[in-house]
Amino acid sequence: MGEKTVQSAWTVFFLLLGGLSLTLLLTRPPPVTEDASLLDAVTQRGVLRVVTLNSPVTYYWVHDEEAGIEFELARGFARHLGVDLQMVVASTFGELFRMLARGDADLAAANITATEARRAQVRFGPPYMEAVQHVVYKAGSRRPRKPADLVGRSLAVIAESSYVESLRALARSTPELKWVERRDADIEALFEAITEERLELTVADSTVLDVHQRFYPELKRAFALTEGQPIAWAFSAARDESLLQEAGSYFRRLEQDGRLNSIKQRYHAYLPRYDRVNTLYFLRHINSRLKPLIPYFQRAAEETGFDWILLAAIAYQESLWDHEAVSPTGVRGIMMLTNSTARMMGVDDRADPLESILGGARYLARVERKIPDRIPRPDRLWMALAAYNIGYGHLEDARILAQRGGGDPDRWADVRAALPLLNQKAWHSQTRNGYARGTEAVRYVQNIRSFYDILNWRLARRDLAFVDHPTQPHPAPACCGPERERAAAQ
């Protein structure tokens, strides 16, 4: 290589390097200026930092994906601002507020009750939910019915929580009242202590208790300590209100276009009416019946792409994981298949667990393929599960009724509200397929979503030590199963 050629090569190299450096300088976000407002600081940084707590009510991971109502809301706000989202988990309520005060987070989102005492420390955004504080006890133990009944009982609450404020207010009229403020425990630890009879009483928000009663079915409400209190995001009182005001704009937009209601429906409104006995049976059957079936659910998941935990939840709703189950109408097996559905799905022996599970999974996949492609998950999946239960034709009838009533036929929340109309002659007489047990389909979907959540919670806690925790292609929650004499014909 000649000397001029070498020089030319080096010239090209340095020109490219200079161009690359210039490109990096132009694309690198500018440093946050000292006098920038909080909103400008977030925008310049390109990241919204949200501090939260790890719980089923706020923020958690399922199948290696982030989930929870606070995550959904924070992710939407980050997109609204055009920045990335960073969720930061605090260990306690107190640490959450201290991180906010230190400037380690831009806002706190953790099912935070906007109390008067807290308003002296932080600024609150617009409320997006409401909660009532309840005294919680174990079923079968002596129920306290009024504040005086708490005296002399072992009572513990989370330190630095709004529950402490409520008990202090109560103590002004009941000075004999004593309690322990636990800094080393979260609400799950206190719930466990109650179920194991190491503690008699605690206090919890209605939003928290509604979710956790599925995991701790022995828990019961004693009486309400407060009226409804607003739940809102918290912002540092030491910073300007620019980010708070933008959050207000974001929540107003969520409210106006229905997205806020949709998110709340996804995480709270679907919860079925609490049934302690059925939940206890389910927890027992997890230990006694589920283990030998897991390889079959996993095989069906590999074939169809559904989450094996979803398939397990459907099977429990159908048969209580009993391969010998038979209904009065002749459906049988773990997935309770009709003869016609079994033939359609290539099932020779409905009592064979593997054949039944594969047949049920294939049938669900077949039904989901009928759902219009424009409908995204999870609404698409929940509609498929409803159709799996009562037949696709009846689902379509409910979607038409939802649209006639001013609802969105592509939103599960609106279709769910229309399904019970199929029970009523005034409505089902207007449909193509006539009467159907729409209320049962709604309850069916609710039950399976609840079973799914409980199984995921057990897996997260490693309570199912015999499961290998495989990665699943579809981590969205789900629902449903058959009443398929009609379904097979649709």
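Nothing fancy with the numbering, it's 1 onward along the sequence.
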Legend entry - Minimum heavy-atom distance Val89-Tyr59, with the two atoms named: CG2-CE2, 3.7 Å
Legend entry - Between CD1 on residue Ile187 and CZ on residue Phe93, distance to nearest 0.5 Å: 9.0 Å
Legend entry - Contact check, side chains of Asp104 and Arg98, non-hydrogen atoms, under 4.5 Å: no
Legend entry - Sub-6.0 Å ring centroid separation between Tyr216 and Trp457: yes
Legend entry - Glu440 with Arg443: basic N within carboxylate O range, under 4.0 Å: no
Inset, instruction - Kindly give the heavy-atom pair with the smallest separation between Ala315 and Met335, and that separation in Å. - result: CB-SD, 3.6 Å
Legend entry - Side chain to side chain, Leu85 and Val50, heavy atoms closer than 4.5 Å: yes
Legend entry - 4.5 Å side-chain heavy-atom contact, Ile314 and Met336: no
Inset, instruction - Answer yes or no: does atom CZ of Arg102 have more than 12 heavy-atom neighbours from other residues, nucleotides or ligands under 6.0 Å? - result: yes
Inset, instruction - For this output row, return yes or no: ring centroids of His134 and Phe223 closer than 6.0 angstrom. - result: no
Legend entry - Exam field: side chain Asp149 to backbone Arg145, donor-acceptor pair closer than 3.5 Å: yes
Legend entry - Under 3.5 Å: donor-acceptor pair, side chain of Asp410, backbone of Ile375: no
Inset, instruction - Decide whether Ser450 and Asn447 meet the rule of one side-chain donor and one side-chain acceptor closer than 3.5 Å. - result: no
Inset, instruction - Report, as yes or no, whether the 6.0 Å neighbourhood of atom CZ on Arg119 holds more than 12 heavy atoms from other residues, nucleotides or ligands. - result: yes
Legend entry - Enclosure of Tyr296 OH (heavy-atom neighbours >12, cutoff 6.0 Å): no
Inset, instruction - Could you tell me whether the side chain of Arg143 and the main chain of Ala222 form a donor-acceptor pair under 3.5 Å? - result: yes
Legend entry - Atom pair CZ/CG of Arg142 and Leu201 - distance to nearest 0.5 Å: 8.5 Å
Inset, instruction - Measure the spacing between CG of Leu254 and OG of Ser249 and express it to the nearest 0.5 Å. - result: 9.5 Å
Legend entry - Exam field: side chain Arg380 to backbone Ile371, donor-acceptor pair closer than 3.5 Å: yes
Legend entry - Ser154 side chain to Glu200 backbone, donor-acceptor under 3.5 Å: yes
Legend entry - CG on Leu190 to OG1 on Thr202, rounded to 0.5 Å: 4.5 Å
Legend entry - salt bridge (Lys or Arg N to Asp or Glu O under 4.0 Å) evaluation trace for Lys138 with Glu218: CA-CA 5 Å; Lys138 182 179 181 180; Glu218 296 93 342; 5.6 Å; no
Legend entry - Nearest atoms (heavy-atom pairs only) where Ala41 meets Ala36: N-CB, 4.2 Å
Inset, instruction - May I ask you to decide whether Asp414 forms a salt bridge with Arg399, counting only side-chain N to carboxylate O separations under 4.0 Å? - result: no
Inset, instruction - To the nearest 0.5 angstrom, please state how far the CG atom of Leu107 sits from the OG atom of Ser236. - result: 11.0 Å
Legend entry - Heavy-atom side-chain contact between Leu422 and Leu401 under 4.5 Å: yes
Inset, instruction - Decide if atom CD of Glu196 counts as having more than 12 heavy atoms of other residues, nucleotides or ligands within a radius under 6.0 Å. - result: yes
Inset, instruction - May I ask you to test the Ile158-Glu181 pair for a side-chain heavy-atom distance under 4.5 Å? - result: no
Inset, instruction - Consider only side-chain N and O atoms of Tyr452 and Asp307, and report whether a donor and an acceptor are under 3.5 Å apart. - result: yes
Inset, instruction - Return yes if a side-chain donor-acceptor contact under 3.5 Å exists between Gln229 and Glu130, otherwise no. - result: no
Please report, to 0.1 Å, the donor-acceptor pairs under 3.5 Å made by any side chain of residues 67-81, with sequence neighbours excluded.
{"residue": "Glu70", "atom": "OE1", "partner": "Tyr128", "partner atom": "OH", "Å": "3.0"}
{"residue": "Glu70", "atom": "OE1", "partner": "Trp233", "partner atom": "NE1", "Å": "3.1"}
{"residue": "Glu70", "atom": "OE2", "partner": "Ala110", "partner atom": "N", "Å": "3.4"}
{"residue": "Glu70", "atom": "OE2", "partner": "Asn111", "partner atom": "N", "Å": "2.7"}
{"residue": "Glu70", "atom": "OE2", "partner": "Tyr128", "partner atom": "OH", "Å": "2.5"}
{"residue": "Glu72", "atom": "OE1", "partner": "Arg75", "partner atom": "NH2", "Å": "3.2"}
{"residue": "Glu72", "atom": "OE1", "partner": "Arg266", "partner atom": "NH1", "Å": "3.2"}
{"residue": "Glu72", "atom": "OE2", "partner": "Arg266", "partner atom": "NH1", "Å": "3.1"}
{"residue": "Glu72", "atom": "OE2", "partner": "Tyr267", "partner atom": "OH", "Å": "3.1"}
{"residue": "His80", "atom": "NE2", "partner": "Glu246", "partner atom": "OE2", "Å": "2.8"}

Legend entry - Side chain to side chain, Leu155 and Leu177, heavy atoms closer than 4.5 Å: yes
Legend entry - Main-chain N/O of Val132 paired with Thr226 side-chain donor or acceptor, under 3.5 Å: no
Inset, instruction - Would you indicate whether the side-chain heavy atoms of Val442 and Pro420 approach each other to under 4.5 Å? - result: yes
Inset, instruction - Say whether Thr207 and Asp205, considering side chains only, have a donor N or O and an acceptor N or O under 3.5 Å apart. - result: no
Legend entry - Salt bridge Arg49-Asp106, side-chain N to carboxylate O under 4.0 Å: yes
Legend entry - Test log, rule salt bridge (Lys or Arg N to Asp or Glu O under 4.0 Å), inputs Glu160 and Arg118: CA-CA 10 Å; Glu160 300 178 286; Arg118 285 176 173 170; over 6 Å; no
Inset, instruction - Output all residues satisfying side chain to side chain contact (heavy atoms under 4.5 Å, CB included) with Val151, sequence neighbours left out; order by chain, then residue number. - result: Thr174, Glu176
Legend entry - Exam field: side chain Arg123 to backbone Ala238, donor-acceptor pair closer than 3.5 Å: no
Legend entry - Electrostatic pair Arg252-Glu255, nearest N-O below 4.0 angstrom: no
Legend entry - Under 3.5 Å: donor-acceptor pair, side chain of Trp308, backbone of Glu302: no
Inset, instruction - Please determine if Glu368 and Arg377 form a salt bridge, counting it only when a charged side-chain N lies under 4.0 Å from a carboxylate O. - result: yes
Legend entry - Exam field: side chain Thr113 to backbone Thr115, donor-acceptor pair closer than 3.5 Å: no
Legend entry - Beyond-backbone contact of Leu419 with Thr439, side-chain heavy atoms, under 4.5 angstrom: no
Legend entry - Aromatic ring proximity Tyr388/Tyr363, centre distance under 6.0 Å: yes
Inset, instruction - Apply salt bridge (Lys or Arg N to Asp or Glu O under 4.0 Å) to the pair Arg168 and Glu165, showing each step before the final yes or no. - result: CA-CA 5 Å; Arg168 287 174 180 168; Glu165 296 178 36; over 6 Å; no
Inset, instruction - Measure the spacing between CG of Asp186 and OG of Ser55 and express it to the nearest 0.5 Å. - result: 8.5 Å
Inset, instruction - Applying ring pair (Phe, Tyr, Trp, His ring centres under 6.0 Å), run through Phe282 and Phe451 and close with a yes or a no. - result: CA-CA 8 Å; Phe282 178 59; Phe451 296 149; 4.5 Å; yes
Legend entry - Arg416 to Trp382 six-membered ring, cation-pi geometry met (6.0 Å, 45°): no
Inset, instruction - Look at the side chain of Ser242 and the backbone N and O of Leu39, then say whether any donor-acceptor pair between them is shorter than 3.5 Å. - result: yes
Legend entry - Under-4.0 Å salt bridge between Asp210 and Arg221: yes
Inset, instruction - Return the minimal non-hydrogen interatomic distance between Gly258 and Arg411, and the atom names on each side. - result: O-NH2, 4.1 Å
Inset, instruction - Compare every heavy atom of Ala300 with every heavy atom of Ala361, then report the nearest pair and how far apart it is. - result: CB-CB, 3.9 Å
Inset, instruction - Search all heavy atoms of Val83 against all heavy atoms of Val47 and return the closest pair with its distance. - result: CB-N, 3.9 Å
